[in-house]
Amino acid sequence: MALLPILHYPDPRLHQSATSVTEFTAELKQLAEDMTETMYAAPGVGLAAPQVNVHQRLIVVDVSEDKNGLMVLVNPQIIAREGEQEYEEGCLSVPGVYSKISRAARVKVKAQDLEGAPFEVEADGLLAVCLQHEIDHLDGKVFVDYLSQLKQNRIRTKLLKQAREEARA
Ligand code: K1U
Ligand code: ZN
């Protein structure tokens with residue numbers, strides 16, 4: 001198991017679209033394990049492969065209190081959405097920034113497991129938010145892309161300054 005480095009906004013690699021997984025190999029299982037360890041250590045409630053610079057359609061999610069609700073989704077796709085909810089989102093790739101984002105209240109997602117077997121999940125509340133947030137990462141979208149240009153510029157400036165200070169320390 002290994003902790004993987006997480007890309008930080010405004011790294012352009014976060015805006016790359018991920019490709020579908022076609023081979024369900026031991027390497028894919030290892031990546032899912034490493035991403036899970038990285039998500040729990042951060043700590044976070046989700047992580048998408050592009051955040052660790054792997055541009056494949058794989059996400060891990062666990063919104064439970066006691067880390068017993070892990071879900072690994074390969075090639076996830078939203079096949080139904082209903083209603084609307086607002087949630088104050090964060091992102092491990094945008095440290096220290098939180099903002100209210102409006103998304104579907106309920107989603108149905110189809111995906112494959114690490115063996116390639118298809119399954120579906122129906123979600124509401126935080127799980128629905130998290131699934132939509134992580135699937136956005138697979139399409140090269142970060143939650144700040146939903147904010148005004150002014151807010152995006154402020155966040156970009158703040159994180160670039162933070163990165164420069166960290167590099168100097
Ligand atoms: O994709 C990511 O960067 C993970 C992100 C997922 C997410 C959180 C909240 C709303 C939408 C999507 C995070 O996990 S940010 C950290 C966080 O929210 C959290 C951390 C510890 C405990 C509970 C939440
Ligand atoms: Zn994120």
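Both counts, for ligands and for their atoms, begin at 1 and track the order of listing.
- Counting heavy atoms from C-beta outward, P95 and H8 have side chains that approach closer than 4.5 Å.
- Taking every non-hydrogen atom of V129 and a distance limit under 4.0 Å, the qualifying atoms of ligand 1 come out as 10 (C), 11 (C).
- Residue-level check: among N/O/S atoms of H137, NE2 sits closest to the Zn ion (ligand 2).
- At a 4.0 Å cut-off, at least one heavy atom of H137 sits close enough to ligand 1 to count as contact.
- Rounding to the nearest 0.5 Å gives a distance of 9.0 Å between CD of E89 and CG of L126.
- Here the protein heavy atom with the shortest distance to atom 5 (C) of ligand 1 is G90 O, 3.9 Å.
- Among all non-hydrogen protein atoms, the one lying nearest atom 4 (C) of ligand 1 is G46 O, 3.0 Å.
- Between D113 and F24 there is no side-chain heavy-atom pair separated by less than 4.5 Å.
- Under the 4.0 angstrom criterion for non-hydrogen atoms, P43 is in contact with ligand 1.
- Checking E89, Q51, E65 against atom 10 (C) of ligand 1, the nearest heavy atom belongs to E89.
- Side-chain contact between C91 and H137 is present, with at least one heavy-atom pair separated by less than 4.5 Å.
- Scanning the protein for heavy atoms near atom 24 (C) of ligand 1, the closest one is V45 CG1, 3.7 Å.
- For L92, heavy-atom contacts with ligand 1 shorter than 4.0 Å involve the backbone as well as the side chain.
- Annotation: salt bridge (Lys or Arg N to Asp or Glu O under 4.0 Å) contacts of D136 (sequence neighbours excluded): R103.
- Heavy atoms of M39 come nearer than 4.0 angstrom to ligand 1 in no pair at all.
- Under the 4.5 Å side-chain criterion, counting only non-hydrogen atoms from C-beta, L131 is in contact with L73.
- Counting heavy atoms from C-beta outward, D34 and M1 have side chains that approach closer than 4.5 Å.
- Atoms of ligand 1 lying under 4.0 Å from at least one heavy atom of G44, given by number and element, are 14 (O), 20 (C).
- For the pair K141 and D139, the salt-bridge criterion is not met [side-chain N within less than 4.0 Å of a carboxylate O].
- Considering both main-chain and side-chain atoms, E134 comes within under 3.5 Å of ligand 1 through a nitrogen or oxygen pair.
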